[in-house]
Colleague: 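Have a look at the structure that comes next, please.
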Amino acid sequence: MVRHTGKQVFQVIEELISAAIEQQLAARFSLTMRVSLEQPKQSSFGELAVPVAFQLARQLKRPPRQIAEELTAKLSAVPGVASFEIAGNGYINIRLDRGSYAESLLRPPASAASEAGEKIVVEHTNINPNKAAHIGHLRNAILGDTFVQMLRKRGRNVEVQNYIDNTGVQVADVVVGFHYLEKKTLLDVQALIADPSVRFDYLCWDLYARISAYYKENAEAIRWRADTLHAIESGQSEIAELAHAVSDAIVLAHVATMYRLGIKYDVLPRESEILHLNFWATAFELLKERGAIYFEERGKNAGCWVMPSSAFRESGGAATEADSEEDSKVIVRSNGTVTYVGKDIAYQLWKFGLLGRDFHYRPLLAYPDGHQVWVTTEDESAPDTRRFGRAGKVFNVIDSRQSYLQDVVVAGLRALGFEEQAQSSVHFSYEMVALSPRTCIEMGIELSKEDRRRPYVEVSGRKGLGVKADDLIDKLIETALAEVEDRHPDDSPDVRREVAGQIAVGALRYFMLKFTRNSVIAFDFHEALSFEGETGPYVQYATVRAGNIIRKFVDRGGHLPDFEAVLTADVLARCFGNDDLWQLLLLASKADSAIERAVASGEPAHVAKYAFQLAQAFNNFYHGTSVITEDVEERRNVLLWLTGYVRSQLLGTLKVLGIEQPLYM
RNA sequence: GGGGGCGUAGCUCAGUUGGAUAGAGCAUCAGCCUUCUAAGCUGAGGGUCACAGGUUCGAUCCCUGUCGCCCCUACCA
């Protein structure tokens with residue numbers, strides 16, 4: 001049996017093989033190098049392959065095949081490996097000992113206590129609290145949340161933050177809309193928020209589009225925005241209270257929307273506290289003191305505090321040119337107010353525990369499972385003494401369009417001398433969600449000739465152009481429910497609704513995850529509402545089927561054996577001599593390494609892809625092999641165990657993707 | 001102009017560190033429900049991996065150039 005230490009069985013064998021071949025390299029060629037393994041394209045070549053002979057062919061000036069032969073000639077036996085074979089021009093193909101591999105999956109050792117290590121902060125969602133969330137925000141939150149689940153599954157200590165920009169221009173615009181356009185008082189707005197028949201976040205969606213259009217027609221109205229922004233920043237006026245009422249209500253709406261998808265947060269740091277608890281003032285002093293920013297006396301940025309472009313531009317070869325000041329980034333405006341980037345530098349410093357200041361916190365709400373979300377407050381009497389932040393590594397899940405600003409934030413850290421933290425600041429970027437021209441037409445959006453020819457049309461909150469998150473979720477549930485009702489006309493409506501909800505979430509989360517991060521999603525209703533092919537429901541369906549086999553077996557009077565007792569190494573070796581069964585087991589056993597690889601590459605899409613492939617392999621097995629009616633007891637036991645194993649691996653992977661298994665489908 | 005991303009089947013996309021015959025889904029066509037649920041399975045057709053060089057035993061992948069598309073390049077975020 002293979003020995004291992006809480007790592008994946010497969011990974012342990014890989015390491016043993018590498019070590020054995022490295023030893024031969026040292027003995028025969030006096031070479032020390034890392035030997036890497038790869039997966040052969042065809043399963044008939046075996047489970048692993050070593051291409052090292054090719055790499056050495058040039059160096060040793062000998063044919064690769066000869067090198068491979070020499071390396072394997074006196075190779076000592078590696079536990080868990082059945083054979084080494086030379087193939088093609090010089091591949092060393094490796095076949096595993098199937099019986100021993102299966103046995104170590106059946107009887108997993110107690111896994112070593114995993115050390116949690118440094119804290120990782122993942123910041124995601126970050127929606128401006130001035131309107132309902134749209135599909136672009138969904139991509140952000142789903143990517144961020146899935147990445148968090150991936151990290152946690154692999155034993156990391158993660159804290160989820162959702163930054164609330166409640167003092168920015170976007171909130172100010174909606175406040176302008178209420179105050180100047182609609183002539184509404186604080187009381188009026190509070191009444192709207194309290195009115196259960198009003199979707200306040202939807203109302204703000206429309207109002208935001210309206211005021212944005214109004215600015216275009218009435219340029220002088222921009223002054224209202226400046227006045228409002230100023231009032232919000234200084235606090236303590238009816239305008240400031242109105243802004244808080246709006247943003248607090250919208251934040252709750254966003255948190256509720258995301259919770260429909262199973263997305264939860266630990267803490268919501270608010271920009272108003274960044275300002276009022278002097279986070280910014282502290283960071284400002286630091287930036288000035290260490291010369292990271294300077295006061296511009298001339299040019300278009302005269303009167304501003306700016307960061308020179310040389311700080312955040314990679315190869316500023318022409319940095320000595322006079323025009324470089326044109327590219328400087330304004331941190332403090334000439335009217336004395338701070339830009340978003342400035343506040344973000346203060347926030348980033350706090351995340352690493354570098355600011356020497358902290359927020360106060362109050363409980364915002366508790367999820368049904370008891371998990372508490374905290375929000376920052378300036379109220380010193382707040383009871384909480386929790387400590388958020390103080391991270392060793394920070395992932396900011398932010399749209400790739402903001403990479404320039406993220407570079408400035410990191411440059412700020414670097415300029416302050418925090419090189420290590422600068423390197424531990426990751427902009428977890430992703431491309432935007434746009435609308436396919438077809439979907440625009442379906443939604444009755446007028447397209448210009450130009451837009452019609454484009455592959456996609458950009459979403460715009462200012463124009464009110466986009467698909468609201470809750471509308472999409474509702475539509476998905478409705479579509480799923482129709483299907484569920486059709487299939488299970490006699491079941492209780494409550495259960496059907498729950499099942500439809502789980503399918504809808506499965507479809508949506510998978511859809512947002514199946515694309516790699518730097519691929520623009522041209523959102524299309526037809527594709528998003530599909531439950532067939534490479535979709536979440538496909539994976540859910542395979543999982544439900546696996547559960548059905550075991551349930552039906554028991555229902556029909558079958559007795560599930562004690563697999564560990566019944567399935568001897570002998571039995572396993574015999575049954576997994578069948579290639580199809582073996583390939584399924586092998587694939588299912590790689591769930592954790594697939595997740596770890598996805599963590600390393602920062603690509604949640606890889607987990608989604610793996611889940612689909614495993615579901616596909618299982619559906620294939622399901623079609624070709626009858627488990628319950630298998631007459632030979634020994635084989636039936638193996639099939640039952642395999643079914644249960646695949647199911648648990650699918651469930652574990654779906655959980656990471658934030659997708660639940662419905663009761664039935 | 002500068003920075004970044006992209007270009008793979010009719011469409012939407014994967015493609016692990018460069019490695020064996022470039023893969024899925026959708027769409028199209030042909031089959032499979034008296035079976036552990038057909039939201040499924042099997043099969044077929046469909047490719048100059050944008051183009052041209054270079055490095056290499058070997059390039060969809062690395063380098064250079066060209067063409068095309070997108071994003072950023074605000075005292076908005």
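Below, chains carry the letters A, B, ... as their sequence lines are ordered, and counting in each starts from 1. Values below: all heavy atoms of this structure, side chains included; hydrogens, waters and symmetry mates excluded.
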Colleague: Judged by each residue's nearest nucleotide on RNA chain B, which is more toward the 5′ side, A/Glu271 or A/Pro40?
Modeller: A/Pro40
Colleague: I'd like to know whether A/Phe45 forms a ring-ring contact (aromatic ring centres under 6.0 Å, His included) with A/Tyr91, so could you lay out the CA-CA distance, the side-chain angles of the two residues, the decisive distance to 0.1 Å, and finally the verdict.
Modeller: CA-CA 10 Å; A/Phe45 291 152; A/Tyr91 277 102; 7.7 Å; no
Colleague: Determine the interatomic distance between C1' on B/rA77 and the same-named atom on B/rU37; round to the nearest Å.
Modeller: 50 Å
Colleague: So does A/Arg487 reach the base of B/rA39 with its side chain, donor to acceptor, closer than 3.5 Å?
Modeller: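 Counting by modelled atom types and ignoring angles, a donor-acceptor contact under 3.5 Å is found here.
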Colleague: With a 4.0 Å cut-off on heavy atoms, is A/Gln616 in touch with a base, just the backbone sugar-phosphate, or nothing at all?
Modeller: sugar-phosphate
Colleague: With rounding to the closest Å, how many angstrom separate the C1' atoms on B/rG54 and B/rA27?
Modeller: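 About 40 Å, rounded to a whole number of Å.
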Colleague: Output the single nucleotide from B/rA14, B/rG19, B/rA74 whose closest atom is nearest the side chain of A/Lys329.
Modeller: B/rA74
Colleague: Quiz question: going by heavy-atom distance under 3.5 Å, is there a donor-acceptor pair between the base of B/rA20 and the side chain of A/Asn93?
Modeller: yes
Colleague: At under 4.0 Å between heavy atoms, what does A/Ile521 touch on the DNA or RNA strands: base, sugar-phosphate, or nothing?
Modeller: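 Nothing: the residue A/Ile521, judged by heavy atoms under 4.0 Å, touches no strand.
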Colleague: Please tell me which of the listed nucleotides, B/rC71, B/rA20, B/rC75, lies nearest to the side chain of A/Lys41?
Modeller: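 Closest nucleotide to the A/Lys41 side chain: B/rA20.
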Colleague: Nearest to the side chain of A/Phe531, which nucleotide is it out of B/rA39, B/rA74, B/rG15?
Modeller: B/rA39
Colleague: Quick one: CG on A/Leu71 to CD1 on A/Ile92, what's the gap to the nearest 0.5 Å?
Modeller: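 With rounding to 0.5 Å, CG (A/Leu71) is 5.0 Å from CD1 (A/Ile92).
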Colleague: Over all strands shown, is A/Phe612 touching base, sugar-phosphate only, or nothing at heavy-atom distances under 4.0 angstrom?
Modeller: sugar-phosphate
Colleague: Quick one: on RNA chain B, does A/Ala49 or A/Ser626 contact a more 5' nucleotide (nearest heavy atom)?
Modeller: A/Ala49
Colleague: Mind checking the C1' distance from B/rU56 to B/rA44? Whole angstroms is fine.
Modeller: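 About 38 Å, rounded to a whole number of Å.
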Colleague: Taking the same atom, P, in B/rA52 and in B/rA39, what whole-Å distance lies between them?
Modeller: 47 Å
Colleague: Send over the distance from A/Ile331 CD1 to B/rA77 P, rounded to a whole Å.
Modeller: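 For the pair A/Ile331 CD1 and B/rA77 P, the rounded distance is 11 Å.
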Colleague: Among the candidates B/rG19, B/rU37, B/rC13, find the nucleotide nearest to the side-chain atoms of A/Glu38.
Modeller: B/rG19
Colleague: What nucleotide, of B/rA14, B/rG40, B/rG5, holds the atom closest to the side chain of A/Tyr541?
Modeller: B/rG40
Colleague: Sticking with atom P, work out how far B/rG45 lies from B/rG5, rounded to a whole angstrom.
Modeller: 38 Å
Colleague: Across the strands shown, which category fits A/Leu405 at heavy-atom distances under 4.0 angstrom: base, sugar-phosphate, nothing?
Modeller: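 Base, at least one base heavy atom under 4.0 Å.
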Colleague: Among side-chain atoms of A/Thr439 and A/Ser436, is any donor-acceptor pair under 3.5 angstrom?
Modeller: yes
Colleague: Nearest to the A/Tyr340 side chain among B/rU42, B/rA77, B/rA14, which nucleotide is it?
Modeller: B/rA77
Colleague: In whole angstrom, give me the gap between the P atoms of B/rC70 and B/rA59.
Modeller: 33 Å
Colleague: Over all strands shown, is A/Tyr91 touching base, sugar-phosphate only, or nothing at heavy-atom distances under 4.0 angstrom?
Modeller: base
Colleague: Given the structure, check if the side chain of A/Gln42 and the base of B/rU21 hold any donor-acceptor pair shorter than 3.5 Å.
Modeller: yes
Colleague: Is the shortest side-chain N/O distance from A/Tyr430 to OP1 or OP2 of B/rC71 below 4.0 Å?
Modeller: no
Colleague: Could you check whether A/Glu532 gets within reach of a base, just the sugar-phosphate, or nothing at all, counting any heavy atom under 4.0 Å?
Modeller: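 Result for A/Glu532 = sugar-phosphate.
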Colleague: When you check the phosphate oxygens OP1 and OP2 of B/rC75, does a side-chain N or O of A/Asn301 lie under 4.0 Å from one of them?
Modeller: yes
Colleague: Which part of the nucleic acid, if any, lies within contact of A/Asn128, taking any heavy atom under 4.0 Å across all strands shown: a base, the sugar-phosphate backbone alone, or nothing?
Modeller: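 Touches sugar-phosphate only.
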Colleague: Relative to A/Phe618, does A/Arg545 satisfy both conditions: NZ or CZ under 6.0 angstrom from the six-membered ring centre, and within 45 degrees of the ring's axis?
Modeller: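 Negative - A/Arg545 is either too far from the ring of A/Phe618 or too far off its axis.
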Colleague: Name the nucleic acid region contacted by A/Val520, choosing base, sugar-phosphate or nothing; use a 4.0 angstrom heavy-atom cut-off, strictly under.
Modeller: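 Sugar-phosphate contact only - A/Val520 comes under 4.0 Å of backbone atoms but never of a base.
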Colleague: Side-chain donor or acceptor of A/Ser334 under 3.5 Å from a matching atom on the base of B/rC75?
Modeller: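 A donor-acceptor contact between them is present.
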Colleague: What is the distance from CD of A/Glu296 to P of B/rC75, rounded to the nearest Å?
Modeller: 12 Å
Colleague: Pick base, sugar-phosphate or nothing for A/Val627, based on heavy-atom distances below 4.0 Å to the nucleic acid.
Modeller: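 Base: the residue A/Val627, judged by heavy atoms under 4.0 Å, touches a nucleobase.
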